[in-house]
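This report concerns only the one structure given below.
If you're wondering where the values come from, they're calculated on a predicted model, not measured in any experiment.
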Amino acid sequence: KNIIWVLGGDRNPRNDGDVNIWRSMAAGIKETLPNAMITFHPQPNEKGSAEWFHKDEWLSFNMFQNGHCRNTPVYDKIQTAYDIQPAKPVIDGEPLYEDHPVCFNAKDLGTSNAYDTRIYAYLDLFAGASGHTYGCHDIWQMYSPYHEAVNGPHVYWQEAMELPGANQMKFIKRLILSRPFQQRIPDQSLIVENNNTPAERIQATRGNDYAFIYSAMGKPFTINSGKISGTMLNAYWYNPRNGETKKIEPVNNKEQQKFTPPSSGYGQDWVLILDDASKNYKMPE
């Protein structure tokens, strides 16, 4: 029951023949395991697995990947798949891995870090993804003295288990699960600033009585009032680097409000938490 069957193998179908092969594989799994959870792992494209299989009954949820590049607007693609009917969950199954050659070009673009990894987690989930995959370049190949290196890993897999980006994934999980998860939806109407570049993206998600707004580089942003319940809203800054929460002054839910994160610039991402004050929600822990 805890196995997810992933078809596709990091490939896009080239023609109808390929599509039929993947469908036959799914049919074979379902014949033996009627309740199997199945998805499809494509290469980078506009609709992810939904491009070919969204209406197939065997497809449990859609999957994307971004090609291991920085500042890719996967959030727009996530939103596109999120809106397709019938509704199905969607995840970014292969974002930019930690310690990975950026766009497979370490010489010119360097190697990804915790911040590169973290941005995709928040943008994906706030854009409507139901989950997120963390990946690490050193770990997927199980780099060790006994395995030949592929594309320049830096540390053996045992050490890579403690990379900062890996440890920071728990903070977004704590944040997301600290509020009613099943009612959460993406909602860019919460914010005025919707034309920023991917590197400076402001991404918003909300429930009925709470909202999270992510500022990728700590840029100020303006909140439109009345999108969640409550006359007064409790407000907090959540630090994705260490999971710490800082309470700020409550705000009136009848007026447009501008917020300035505690710091800005490269690596200075922040989440604003807004809660209906009457709900008395606890902080992420």
Side-chain angles (χ1 to χ4, degrees), residues 64-75 78 91-127 129 131-145 147 149-178 197-203 205 212-219 236-246 261-273 283-285:
F64 281 93
Q65 71 144 305
N66 71 17
H68 299 279
C69 294
R70 286 190 181 106
N71 302 327
T72 303
V74 179
Y75 45 81
I78 293 285
I91 70 167
D92 187 348
E94 189 176 342
L96 176 55
Y97 289 173
E98 191 167 14
D99 205 33
H100 194 287
V102 176
C103 279
F104 296 90
N105 185 0
K107 179 181 178 181
D108 297 322
L109 300 176
T111 301
S112 64
N113 55 35
Y115 178 49
D116 295 323
T117 306
R118 194 169 66 239
I119 285 176
Y120 279 115
Y122 284 85
L123 293 181
D124 284 347
L125 287 169
F126 285 21
H132 182 81
T133 302
Y134 165 83
C136 175
H137 185 51
D138 311 292
I139 295 175
W140 75 261
Q141 60 184 281
M142 307 307 289
Y143 179 49
S144 77
H147 291 86
V150 179
N151 289 335
H154 294 115
V155 297
Y156 295 145
W157 70 265
Q158 295 92 336
E159 183 180 348
M161 293 283 285
E162 298 301 326
L163 285 173
N167 279 292
Q168 289 165 359
M169 290 298 110
K170 63 178 175 279
F171 301 137
I172 189 168
K173 178 180 178 180
R174 291 173 184 173
L175 175 66
I176 292 292
L177 296 182
S178 69
T197 65
E200 299 178 344
R201 178 74 173 176
I202 313 292
Q203 194 76 38
T205 185
F212 302 144
I213 300 91
Y214 178 71
S215 180
M217 285 188 68
K219 291 276 187 177
Y236 312 83
W237 287 114
Y238 187 71
N239 189 335
R241 295 169 291 289
N242 57 24
E244 294 180 355
T245 307
K246 178 182 179 181
S263 61
S264 62
Y266 182 83
Q268 300 302 305
D269 49 337
W270 290 91
V271 178
L272 176 69
I273 302 174
M283 289 302 95
E285 60 184 21

Would you say the side-chain atoms of R201 pair up with the backbone N or O of Y75, donor to acceptor, closer than 3.5 Å? no
For A127 and I78, which heavy atoms make the closest approach, and how far apart are they? O-CG2, 3.8 Å
Just so I know, are the side chains of F126 and I176 near enough to count as touching, which here means a heavy-atom distance under 4.5 Å? yes
Just wondering, do Y214 and I119 contact through their side chains at under 4.5 Å, heavy atoms? yes
Show the nearest heavy-atom pair for residues V74 and D124, with the distance to one decimal. CG1-OD1, 3.8 Å
Might you confirm whether atom CD of E159 has over 12 heavy atoms from other residues, nucleotides or ligands at distances under 6.0 Å? no
Using only atom types and a distance under 3.5 Å, with no angle test, would you say the side chain of E98 pairs donor to acceptor with the backbone of A166? yes
For the residue pair Q268 and S263, confirm or rule out a side-chain donor-acceptor distance under 3.5 Å. yes
T117 and L163, any side-chain heavy atoms less than 4.5 Å apart: no
Has the side chain of H137 got a donor or acceptor atom that lies under 3.5 Å from a matching backbone atom of V150? yes
Between S112 (side chain only) and Y97 (backbone N and O only), is there a donor and an acceptor less than 3.5 Å apart? yes
Could you check whether the rings of Y266 and Y115 sit parallel, tilted or perpendicular, using 30° and 60° as the cut-offs? perpendicular
Does W270 offer a backbone N or O that forms a donor-acceptor pair with the side chain of R241 under 3.5 Å? no
Anything under 30° is parallel, anything over 60° is perpendicular, the rest tilted; go ahead and classify H68 against H100. parallel
Return the minimal non-hydrogen interatomic distance between Y143 and A149, and the atom names on each side. CE1-CB, 3.7 Å
OH (Y122) and OG1 (T205) are apart, to the nearest 0.5 Å, by 13.0 Å
Rounding to 0.5 Å, atoms CG (D138) and CH2 (W157) come to a distance of 12.0 Å
Does the side chain of L272 come within less than 4.5 Å of S215's, by heavy atoms? no
Shortest non-hydrogen contact from L175 toward I273: CD1-CD1, 3.7 Å
Could you tell me if the side chain of Q168 sits less than 4.5 Å from the side chain of Y134, heavy atoms only? no
V271 and P240, any side-chain heavy atoms less than 4.5 Å apart: yes
In the structure I gave you, are the side-chain heavy atoms of P145 and Y156 within less than 4.5 Å of one another anywhere? yes
More than 12 non-hydrogen atoms from neighbouring residues, nucleotides or ligands closer than 6.0 Å to NZ on K246, yes or no? no
Is T133 close to I91 at the side-chain level, that is, under 4.5 Å between some pair of heavy atoms? yes
Between D116 and N113, is there a donor-acceptor pair closer than 3.5 Å when you use the side chain of the first and the backbone of the second? yes
